[in-house]
2 protein chains.
Amino acid sequence: MQAVSRQIGTLNVHTRYLVSAVDDYLDSLKATLPESITNIVMTCSGSEANDLAMRLAKQATGGEGFIVTEDAYHGNTSLVTEVSPSIIKQGKLPAHVVAIPPPSSAVYGEDIATGFAAKVTEAIELLWERGFSVAALLVDTIFSSDGIYTEPRGFLKKAVDVVHNAGGVFIADEVQPGFARLGEAFWGFDFHGVTPDIVTMGKPMGNGFPMAAVATRSEYLASFCSDVGYFNTFGGNPVAAAAGQAVLDTIQQENLQTNALVMGHYLKTRLQSIASQSAYVAEVRGQGLFMGIDIGKADNKQIPDPLKTKQVINGLKAAGVLIGAAGRFGATLKLRPLLTLTQSEADFFLDAFVQQV
Amino acid sequence: MQAVSRQIGTLNVHTRYLVSAVDDYLDSLKATLPESITNIVMTCSGSEANDLAMRLAKQATGGEGFIVTEDAYHGNTSLVTEVSPSIIKQGKLPAHVVAIPPPSSAVYGEDIATGFAAKVTEAIELLWERGFSVAALLVDTIFSSDGIYTEPRGFLKKAVDVVHNAGGVFIADEVQPGFARLGEAFWGFDFHGVTPDIVTMGKPMGNGFPMAAVATRSEYLASFCSDVGYFNTFGGNPVAAAAGQAVLDTIQQENLQTNALVMGHYLKTRLQSIASQSAYVAEVRGQGLFMGIDIGKADNKQIPDPLKTKQVINGLKAAGVLIGAAGRFGATLKLRPLLTLTQSEADFFLDAFVQQV
């Protein structure tokens with residue numbers, strides 16, 4: 001907050017005028033990314049970032065097809081809505097978009113990596129039959145709106161290899177998992193040990209200040225910019241850079257990635273213990289401070305119960321805890337606290353939660 | 001700046017949690033809009049706003065066709081780039097988009113209103129021939145990137161009537177002209193005495209804070225939302241509302257609309273006097289604090305001279321004035337100073353400018 005106020009008090013302009021604060025921030029951000037990802041375009045929102053990422057993927061591959069998960073959400077622009085099945089209420093996906101089931105053991109059994117990759121292969125073939133070659137596999141690397149899936153670590157690698165072999169690129173949507181939340185890694189793709197071709201980021205990037213970005217290989221941007229220009233009034237303004245730098249500095253100085261790891265482990269252990277004794281809590285998934293808690297029916301907790309989930313949400317709200325639901329049935333609680341979470345805050349939540357389940 | 005800092009220090013959340021500061025701001029904003037425009041969706045950028053506006057227009061009309069001006073710029077998303085000829089370097093517009101010449105006397109002669117409306121009629125017929133019915137006429141109401149065209153006041157009315165009679169809607173892109181800049185009116189459509197069906201706004205809305213919006217009739221939003229959901233993490237956050245409210249309050253308390261009128265009149269009169277004595281300044285157009293200055297060749301100033309324009313821009317930069325170029329040839333200086341412009345600041349610019357031309 002102080003960083004934003006200070007920079008607003010100093011100077012706020014768009015990127016047609018170059019400002020060193022922006023360069024410095026981009027250097028800091030690049031230091032967190034793979035070496036092959038050398039270029040960053042700042043935007044205002046994750047939606048704008050994914051919109052641009054999709055166009056970069058099409059330009060880079062010559063393909064038109066996109067593979068996403070069944071309950072994915074990638075943003076609100078026209079193009080991005082096409083690859084966001086979770087927000088489409090009427091009608092179906094366009095022919096150039098194929099949605100595959102999320103990487104859950106319920107769908108793929110024990111070998112999620114192989115099963116998920118096989119579905120990607122099927123999707124590529126289906127796109128071919130429809131006359132499209134694949135442009136990209138686009139996934140939120142923690143599959144947040146699908147219900148949060150992180151295990152087994154590394155399962156994404158086979159699917160990414162399949163897409164690369166078919167000439168497509170891998171877009172890692174890090175809007176939700178990115179910025180140290182997973183504890184084990186700064187980014188979701190890092191957690192899985194894969195190198196994306198395009199990375200999109202947003203939400204936590206400015207800790208509430210509206211900012212987002214696309215990071216990619218330089219050749220993808222060069223090719224794109226020869227056909228259309230791209231300018232973003234607010235994207236990359238120095239106030240955003242100040243907010244973004246403050247976020248990176250705070251993560252480092254306050255060891256928030258380690259805190260996410262430690263507190264995430266504590267929360268998950270306690271939640272799994274609660275699950276083992278609860279008639280409603282079917283499963284606890286996730287990594288670091290990003291967890292999904294499946295709520296099921298009292299007589300068989302393996303059957304998702306959206307009504308009970310709503311009751312838990314309202315009960316927690318009355319107790320002073322705000323939480324939302326995700327997943328196909330709206331029966332997965334999405335637990336995503338502040339990275340600064342303390343043990344007493346975690347206990348406050350756990351005490352409130354155990355009353356509900 | 002103080003308003004932003006205060007709200008950041010208090011609370012910053014997204015619109016899933018309702019905050020009275022946001023409601024109050026939306027009421028203030030609605031008070032500036034026509035009575036028929038009852039609903040506002042907050043977004044992060046003008047691009048997101050125009051992206052949503054285009055989808056609302058398609059949903060409301062069942063049409064797919066868009067009519068824009070030849071050098072229009074409406075934003076950077078995939079959908080909006082399709083209607084932004086000025087940013088497309090390679091290839092042509094898609095078949096469902098028809099670009100018409102901007103409302104200049106060079107194109108339409110003395111009766112710009114009739115000529116421009118006739119071009120809209122032609123565009124509607126061309127869309128029909130291509131198999132599309134018209135969804136919307138979408139124009140920046142000051143035609144900024146086309147070169148700034150405001151005269152004669154009211155010329156838009158005939159074109160809007162033509163679109164309405166064909167079943168299309170009129171989208172007023174107020175990202176550049178809106179928020180009191182034109183002096184005579186708070187919005188560009190108001191200046192022309194027309195009532196839009198959809199209004200988009202951005203840039204000056206938060207005075208540098210990234211925020212934008214779509215305002216429209218309630219029935220258009222209701223229809224759209226029955227098919228897809230729309231959520232925007234940063235759009236409508238209380239910090240944006242605080243920034244937006246501060247902008248509206250400052251415009252009112254400091255009489256900035258009157259200042260735009262008075263200082264705009266002063267600037268235009270002085271610039272026209274400079275033009276009459278200059279070998280390079282061909283024409284001065286515009287309204288309030290938004291003017292276009294055509295720069296031409298020394299031997300015939302009616303011929304646009306982008307090179308001389310660049311020299312003027314660099315000369316002004318050396319003198320401490322930042323200015324950009326617009327229009328088909330990049331030979332129109334786009335003069336758009338702060339709404340707080342004082343006479344001594346205006347004189348500072350005029351003194352620097354007269355040295356260059």
Side-chain angles (χ1 to χ4, degrees), chain A residues 1-2 4-6 8-14 16-17 41 43-48 51-52 54-55 58 73 75-82 84 86-91 175 202-203 206-212 225-235 237-240 243 322 324, chain B residues 1-2 4-6 8-14 16-17 41 43-48 51-52 54-55 58 73 75-82 84 86-91 175 202-203 206-212 225-235 237-240 243 322 324:
Chain A
M1 173 211 156
Q2 285 172 339
V4 169
S5 299
R6 194 182 319 119
I8 289 183
T10 312
L11 177 69
N12 185 16
V13 297
H14 56 68
R16 287 234 170 86
Y17 304 109
V41 180
T43 66
C44 295
S45 67
S47 299
E48 283 188 356
D51 192 286
L52 179 57
M54 289 175 68
R55 293 155 73 198
K58 288 200 272 187
Y73 176 73
N76 59 40
T77 71
S78 177
L79 187 67
V80 177
T81 297
E82 291 181 353
S84 296
S86 72
I87 208 155
I88 299 173
K89 295 178 195 164
Q90 303 253 337
V175 168
K203 259 186 238 300
N207 195 26
F209 190 89
M211 61 188 295
C225 288
S226 69
D227 281 4
V228 293
Y230 188 89
F231 173 69
N232 197 308
T233 300
F234 299 130
N237 73 72
V239 178
L322 297 173
Chain B
M1 173 211 157
Q2 285 172 339
V4 169
S5 299
R6 194 182 318 120
I8 290 182
T10 311
L11 177 68
N12 185 16
V13 296
H14 56 68
R16 287 232 169 87
Y17 303 109
V41 180
T43 66
C44 295
S45 67
S47 299
E48 283 188 355
D51 192 286
L52 180 57
M54 289 175 68
R55 293 156 74 198
K58 288 201 271 189
Y73 176 73
N76 59 39
T77 71
S78 177
L79 187 67
V80 176
T81 297
E82 290 181 354
S84 296
S86 71
I87 207 154
I88 299 173
K89 294 178 195 165
Q90 303 254 338
V175 169
K203 259 184 237 301
N207 195 28
F209 190 89
M211 60 188 294
C225 288
S226 69
D227 281 4
V228 293
Y230 188 89
F231 173 69
N232 197 308
T233 300
F234 299 130
N237 73 71
V239 178
L322 296 173

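Source: prediction; values computed, not measured. Every chain is numbered from 1, with letters handed out A, B, ... down the list of sequences. As a basis for the values below, the full set of heavy atoms in this structure was taken, side chains included, without hydrogen atoms, waters or symmetry mates.
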Open item on the list: Rounded at 0.5 Å granularity, tell me how far SG in B:C44 sits from CG in A:N76.
Closed with: 7.5 Å

Open item on the list: Can you give me the closest heavy-atom contact between A:S78 and B:D51, atom names plus distance?
Closed with: N-OD1, 2.6 Å

Task: Side-chain touch B:S45/A:E48, heavy atoms, less than 4.5 angstrom - done: yes

- [ ] Applying side chain to side chain donor-acceptor pair (under 3.5 Å), run through B:R55 and A:T77 and close with a yes or a no.
- [x] CA-CA 9 Å; B:R55 293 156 74 198; A:T77 71; over 6 Å; no

- [ ] Can you see which heavy atom on A:N237 is nearest to which on B:P210, and at what distance?
- [x] ND2-CG, 4.2 Å

